Amino acid sequence: GENVEQHPSTLSVQEGDSAVIKCTYSDSASNYFPWYKQELGKRPQLIIDIRSNVGEKKDQRIAVTLNKTAKHFSLHITETQPEDSAVYFCAARRSGYSTLTFGKGTMLLVSP
Amino acid sequence: KAGVTQTPRYLIKTRGQQVTLSCSPISGHRSVSWYQQTPGQGLQFLFEYFSETQRNKGNFPGRFSGRQFSNSRSEMNVSTLELGDSALYLCASSREEGQGKETQYFGPGTRLLVL
């Protein structure tokens with residue numbers, strides 16, 4: 001089955017810096033890659049997703065890049081703010097299947 | 001549209017008991033997936049239901065079961081509870097048809113504590 005590795009497990013940055021979280025997946029048939037943000041005590045919220053027919057997608061300060069050949073995708077957050085502090089999860093979904101496989105999560109701490 | 005809802009939000013049970021959790025998906029969503037979230041293991045897939053049928057199942061023992069009703073609401077049941085079943089149980093719904101069909105939206109979760 002699919003396996004998703006996520007790094008780093010924790011990431012500390014200063015406010016205004018950029019943050020990058022990386023994920024690799026094992027199943028070359030995967031074609032949908034969402035990213036979720038989970039604040040303490042709250043539900044995971046989708047922040048951005050990308051499909052395998054594009055290499056990059058941006059939404060304001062957030063961007064995701066996908067390298068299908070290397071089977072990895074990354075989340076980029078620019079101009080980080082304290083409210084960006086949360087746990088971020090990447091996930092992958094195989095074509096023809098409805099199951100998401102999640103990475104173990106990255107705890108992002110943004111210091112003022 | 002109302003979001004995904006889950007009841008109850010908190011539960012305390014003792015070992016050996018059983019528990020039933022409920023999930024109401026977003027209106028029009030036909031797929032409901034269940035996940036177990038623990039600090040050490042992250043989000044682990046339990047099972048997925050679509051049109052009242054279990055389509056996928058994760059690697060959990062048979063004590064974990066579920067079902068889906070004709071209105072897409074879903075329940076999951078855990079029998080003979082063990083201490084290790086203490087976790088946040090999340091359900092997520094998706095449309096599975098049309099644009100954006102894969103996007104899963106999560107409910108607030110049910111936090112289960114087994115004593």
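What you see below is based on every heavy atom in this structure, not just the backbone, and it leaves out hydrogens, waters and symmetry mates. Treat the numbers as computed from the prediction; the structure is a model and nothing was measured. By convention in this document, chain letters (A, B, ...) are assigned in the order of the sequence lines, proteins followed by strands, and residues within each chain are numbered from 1.
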Which answer fits [X], side chain, backbone, both or neither, if we ask what part of it has an atom under 4.5 Å from a heavy atom of chain A?
X        : result
B:Phe50  : neither
B:Gln41  : both
B:Gln104 : both
B:Leu43  : both

Next on the checklist: Which heavy atom of A:Arg43 sits nearest to which heavy atom of B:Gly107, and what is that distance?
Outcome noted: CB-O, 3.1 Å
So does [X] have more than 12 non-hydrogen atoms from other groups sitting under 6.0 Å from [atom1]?
X       : atom1 : result
B:Arg15 : CZ    : no
B:Arg73 : CZ    : yes
B:Lys57 : NZ    : yes
A:Glu83 : CD    : yes
B:Asn59 : CG    : no

Assigning hydrophobic clusters by single linkage (Ile, Leu, Val, Met, Phe, Trp, Tyr; side-chain heavy-atom cutoff under 4.5 Å), is [X] placed with [Y]?
X        : Y        : value
B:Leu88  : A:Tyr36  : yes
B:Val114 : B:Trp34  : yes
A:Ile47  : A:Ile21  : yes
B:Leu46  : B:Leu112 : yes
A:Val4   : B:Leu90  : no

If you round to the nearest 0.5 Å, how far is [atom2] of [Y] from [atom1] of [X]?
X       : Y        : atom1 : atom2 : value
B:Tyr49 : A:Ser98  : OH    : OG    : 12.5 Å
A:Phe89 : B:Tyr35  : CZ    : OH    : 12.0 Å
A:Leu46 : B:Thr103 : CG    : OG1   : 6.0 Å

Where along [range] does a heavy atom come under 4.5 Å of chain B, listed by residue number?
range                      : result
residues 24-35 of chain A  : A:Tyr32
residues 99-112 of chain A : A:Thr99, A:Leu100, A:Phe102, A:Lys104
residues 61-81 of chain A  : none

Checklist entry - Hey, what else clusters with B:Leu115 if you join Ile, Leu, Val, Met, Phe, Trp, Tyr whenever side-chain heavy atoms sit under 4.5 Å? => result B:Ile12, B:Leu113
Next on the checklist: When you compare the side chain of A:Tyr97 with that of B:Glu102, does any pair of heavy atoms fall below 4.5 Å?
Outcome noted: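 No, side chains not in contact.
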Next on the checklist: Between A:Gln38 and chain B, with a heavy-atom cut-off of 4.5 Å, which part of the residue counts as in contact: side chain, backbone, both or neither?
Outcome noted: side chain
